[in-house]
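First the structure, in the form of structure tokens, and then the observations on it.
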Protein chains: 2
Amino acid sequence: MLKRERQAYILKQINLHNRVLSSDLSLEINVSEDTIRRDLIELSESDKLIKVHGGALSRSFHSSFLRSDVYQLDHKKKIAAKAVSLIKDGMFVLTSGGTTLIEMARMLPVELRATFFTGSIPAAYEYAQHPNIEVIFIGDKVSKSSQITVGGAAIQKIHSIKPDLCLLGINAIDMENGITDNDWEVVQVKQAMIQCAAQTAVLTISEKINSFQRLKICAVEEVDILITELDENEGVFDTFKQHGLKVI
Amino acid sequence: MLKRERQAYILKQINLHNRVLSSDLSLEINVSEDTIRRDLIELSESDKLIKVHGGALSRSFHSSFLRSDVYQLDHKKKIAAKAVSLIKDGMFVLTSGGTTLIEMARMLPVELRATFFTGSIPAAYEYAQHPNIEVIFIGDKVSKSSQITVGGAAIQKIHSIKPDLCLLGINAIDMENGITDNDWEVVQVKQAMIQCAAQTAVLTISEKINSFQRLKICAVEEVDILITELDENEGVFDTFKQHGLKVI
DNA sequence: CATGAAATTGCACGTATTTGCGTAATATTT
DNA sequence: AAATATTACGCAAATACGTGCAATTTCATG
């Protein structure tokens, strides 16, 4: 393994776990701890991480996009990991934005080869960091509140693709109102995304289950998989399962 | 094996494995390591890969790595400030990407009301932070080396707009060869941008003046304004001014 | 076709970088 | 305060690098 490659790996681990131990890295990469230590010193000298006794810490920034305290980051990482498991080599994946999806983008395994479509600027940025992923950006007017593109041209483009999987971050879901949101333009885009995808998985922290907002995106039956940080056997999911939703 | 052929093979290996070792390539292709090393240097000079001790890494490693240290940031801030002065309320502005443009995006005065078109992910992100600027993203395939969208759909979209001003970060300019670059796809996009804009300003640090690369974007006469960190009265600009270029 | 200029390649040689190990010093934990 | 873990430092071996040079090939041009 090349030195730079190793340092890139270390940075990735740091951004993923927020901290690393020299001893762990030494075992994982199979080099001496001295080498790891020297890497950490070098990376800390260029302010890529903070070196501490025994390992190193993240500077809680990743790239130019701050990860200034993301709400319930741990939960979102759990969700992201489950979402990653749905993606197979060669797939065409359409994704929305949102902090959960961005965490997922960071966790994609390096060997994965797939094509991602998105209208989210931060998500596209993360996908573009990945060596083997092809990124197609769906352009149009950028909605400032959500950092995704919205509008007729975007919706038209979405309808022209046939993704295997759609990963959608959502704001509210309940049995009665279905999946709901509060931004009219975003709702239009998300509807288009669900309609064109062969399969749709919705991602949300459990807190948002059984809540609703003013605008309906679609009924619960129109999506296929529900991903939360909870175990699939929790009682909250019973009614959703009865309506054919797969929960993971 | 011809040199070109060999370099194409190296690039293929890089895209496949994300990294190559000089020693491996030397054995595979049956040439000396010196030759491989010279190839890698050449390829890295045209930004096709990242040369490191022992071999080379895919370009997509670079961005997540070297991002924090912007080369000649002070100069680029000066250039950005001059570029900002060209933008008036109500304008439609089309911009490329690059670190200089991103600095400019950060320096836009809060009162400014304008519409920005771009295919650059980091630039769009910065524009979207601004309270009064409308951002239209030009979608298509994301080129990893340059973090901008490239391809037919992007070029078509560009041709459908009529911006008042185009701000273009460039890599090389000289009187004889005009404005040049080294990435075929990016060249196509930049040509389209220049053609559709009522007025084009090119931004570059003075270091790149009187240098050239392999692919021509356009002749010096086809753009209107040259922005560098130097004073407009410097001698280097004389020949450019004689050809009708405004220097600021 | 000839011929000189330019590009390409391999080799030699001195230099620089990288890595692991031993040992002593320092920090952290119990 | 003792025990343990982590670090700093120097050293040596292996590997990679840059440079100059000569042999060879390629190319443009007369």
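In what follows, chains carry the letters A, B, and so on, assigned in the order in which the sequence lines appear, proteins first and then strands, with residues in each chain numbered from 1.
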Q) Starting at the 5' end of DNA chain C and moving along, which residue's nearest nucleotide shows up first, A:Asp34 or B:Ile36? A) B:Ile36
(Q) Can you tell whether the side chains of B:Arg19 and A:Glu5 come within less than 4.0 Å, N to carboxylate O? (A) yes
Q) Does any donor-acceptor pair link the side chain of A:Arg38 with the base of C:dG20 at a separation under 3.5 Å? A) yes
**Q.** Between P of C:dT8 and CG of B:Asn30, the distance in whole Å
**A.** 20 Å
Q.
Starting the side chain at C-beta, find the nucleotide from C:dT19, D:dT6, D:dG18 nearest to B:Arg37.
A. D:dG18
Q) What are the two closest heavy atoms between A:Val110 and A:Asn132, and how far apart are they? A) O-ND2, 2.6 Å
Q: Report the distance from atom NZ of A:Lys3 to atom C1' of D:dT15, rounded to the nearest whole Å.
A: 14 Å
Q: Compare the minimum distances between each of D:dT6, D:dA16, C:dT18 and the side chain of B:Glu33, then state the nucleotide with the smallest one.
A: D:dA16
Q | A:Lys51 vs D:dT7: side-chain N/O to OP1/OP2 distance below 4.0 Å | A | yes
(Q) How long is the straight-line distance from CD1 of B:Ile50 back to CZ of B:Arg59, given to the nearest 0.5 Å? (A) 4.5 Å
Q. Base, sugar-phosphate, or nothing for A:Arg6, non-hydrogen atoms under 4.0 angstrom?
A. sugar-phosphate
Q.
Judged by each residue's nearest nucleotide on DNA chain C, which is more toward the 5′ side, B:Val31 or B:His53?
A. B:Val31
